Amino acid sequence: MNDLSHLKADFPVLENGVHFLDSASSSQKPIPVLEAMDRFARGSYANVHRGAYKLSVAATEAYEGARRRVAEFVGADDDREIVFTRGATTAINTVAFGWGLENLEEGDRILATEMEHHANLVPWQMVARRTGAVLDHVPITDECRLDMDAFEKKMGPDVKMVAVTGMSNVLGTIPDIAAISRIAHRHGARVLVDAAQRVPHLPVDVTEMGADFVAFSSHKMLGPTGIGVLWGRMEALEEMEPFEGGGEMISDVTLHTATWAGIPHRFEAGTPPIIEAVGLHAAIDYLDSIGMEKVFDHDKALTAIALERLGDVPGLAIQGPKDLEDRGGVISMDMKGIHAHDVATILDEEGVAVRAGHHCAKPLMRRLGVTATARASFYVYNTEADVDALVSGLRRAGELFGVR
Ligand code: PMP
């Protein structure tokens, strides 16, 4: 395993010794991110794209510089393919409403999967209702992988959009997006990847992935809340109408009509998240200084240790792939006879922070036959000691509840 234990000192929140295993929900922020935002807010802050004065020009350069950095990080061909949003949720809604209302009609199908986060499900339900399109789903196998045979069978010329997770926030499953994109494109469909869990943990090259839209959030990748990214292939962005209207997104406005600014600014109505863009830039620099291959290897190594040690905990079932293939560092656990919230509360007493609940994936919970799971998720600052604390906390929970 790559030894990243020296990184822990960069994360002030972890100084109190908490075993933080909830990064799939939101990650901690390292000092360089906090300092970059503080420095910018103190020294260079102004609104962007408006002022002729030096401070605003500098702020605009910082904001557009963050766009260039994101483009480079995900391998975009063109900076204009990066749209800043409020988060992955807003990025997906921007496509669902901006693309969906323009391009879907009665008789069309939208194909999602059974393991989507509500963020990649509910917007499509709303848009299906408005357009008369039908929302259909690809099942998962009993091994908790996407059923690719079923996907191929479900594809057809009436499928106009395939909305798929880049990595399940419940199971850790990583679908083969390149294969999905190839099949979808053969049938003329567009592909949107909810990469909220993927971009923070895996090397991502949007060109290699081959999808048309990729959505992710800064706060899950060591950056601040309040900013996310929609990458769109230029020709796909050109098929979209702005989802929000307002300042900054127009070319001209009369009392009755408006014309749009160029891409991407037409999709960024209002004052954007400027300080947050600076923070995201710093977070990407931080991740790049580690190297995304190493980040993923580290998550995987901790997952391997955890899966092995959790296997010996009485009454514990893992919901998700049991092997490491195409799997990230998210482990959902179900303990016989103990509600996930009780598990999480006992773990908290042991200084271990995990999330409990349906993880915004209620249809997946129903498919798995559970109402909730306790979920541990790993990131760069986690160590083997965090895994050990999790395992011993789970053993204690089992003992308290008399689980054998
Ligand atoms: N998709 C997945 C898979 C997620 O895990 C999350 C966050 N839990 C989201 C989408 C939504 O991200 P955000 O709340 O940052 O918009």
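Just so we're clear, the structure is a prediction, and the values are computed from it rather than from any experiment.
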P30, S5, S27 screened by side-chain contact (heavy atoms from CB on, under 4.5 Å) with Y381, the one that passes: S27

Ring geometry between F84 and Y63 (parallel below 30°, tilted from 30 to 60°, perpendicular above 60°): tilted

Derivation of the salt bridge (charged side-chain N to carboxylate O under 4.0 Å, His left out) call for E350 and R395: CA-CA 11 Å; E350 304 283 312; R395 284 188 186 282; over 6 Å; no

Exceeds 12 heavy-atom contacts within 6.0 angstrom, atom CZ of R86: no

Salt bridge (Lys or Arg N to Asp or Glu O under 4.0 Å) against R129, all qualifying residues, sequence neighbours excluded: none

F73 CZ to L280 CG distance, which is reported to the nearest 0.5 Å: 9.0 Å

Partners passing side chain to side chain donor-acceptor pair (under 3.5 Å) against D176 (at least two apart in sequence or in another chain): none

Aromatic plane relationship, F243 with F97 - under 30° parallel, 30 to 60° tilted, over 60° perpendicular: parallel

Name of the residue among T113, I110, L121 meeting side-chain contact (heavy atoms from CB on, under 4.5 Å) with H137: L121

Residues in side chain to side chain donor-acceptor pair (under 3.5 Å) contact with R186, at least two apart in sequence or another chain: none

For R69, all residues meeting salt bridge (Lys or Arg N to Asp or Glu O under 4.0 Å), sequence neighbours excluded: E72, D285, D288

Within-4.5 Å side-chain heavy-atom neighbours: R198 and V214: no

Set of residues satisfying side chain to side chain donor-acceptor pair (under 3.5 Å) with respect to E105, sequence neighbours excluded: none

Pair T165-H117, side-chain donor/acceptor within less than 3.5 Å: no

Set of residues satisfying side chain to side chain donor-acceptor pair (under 3.5 Å) with respect to D386, sequence neighbours excluded: K8, H19, N382

For V199, the option from L287, I284, V204, V229 that meets side-chain contact (heavy atoms from CB on, under 4.5 Å): V204

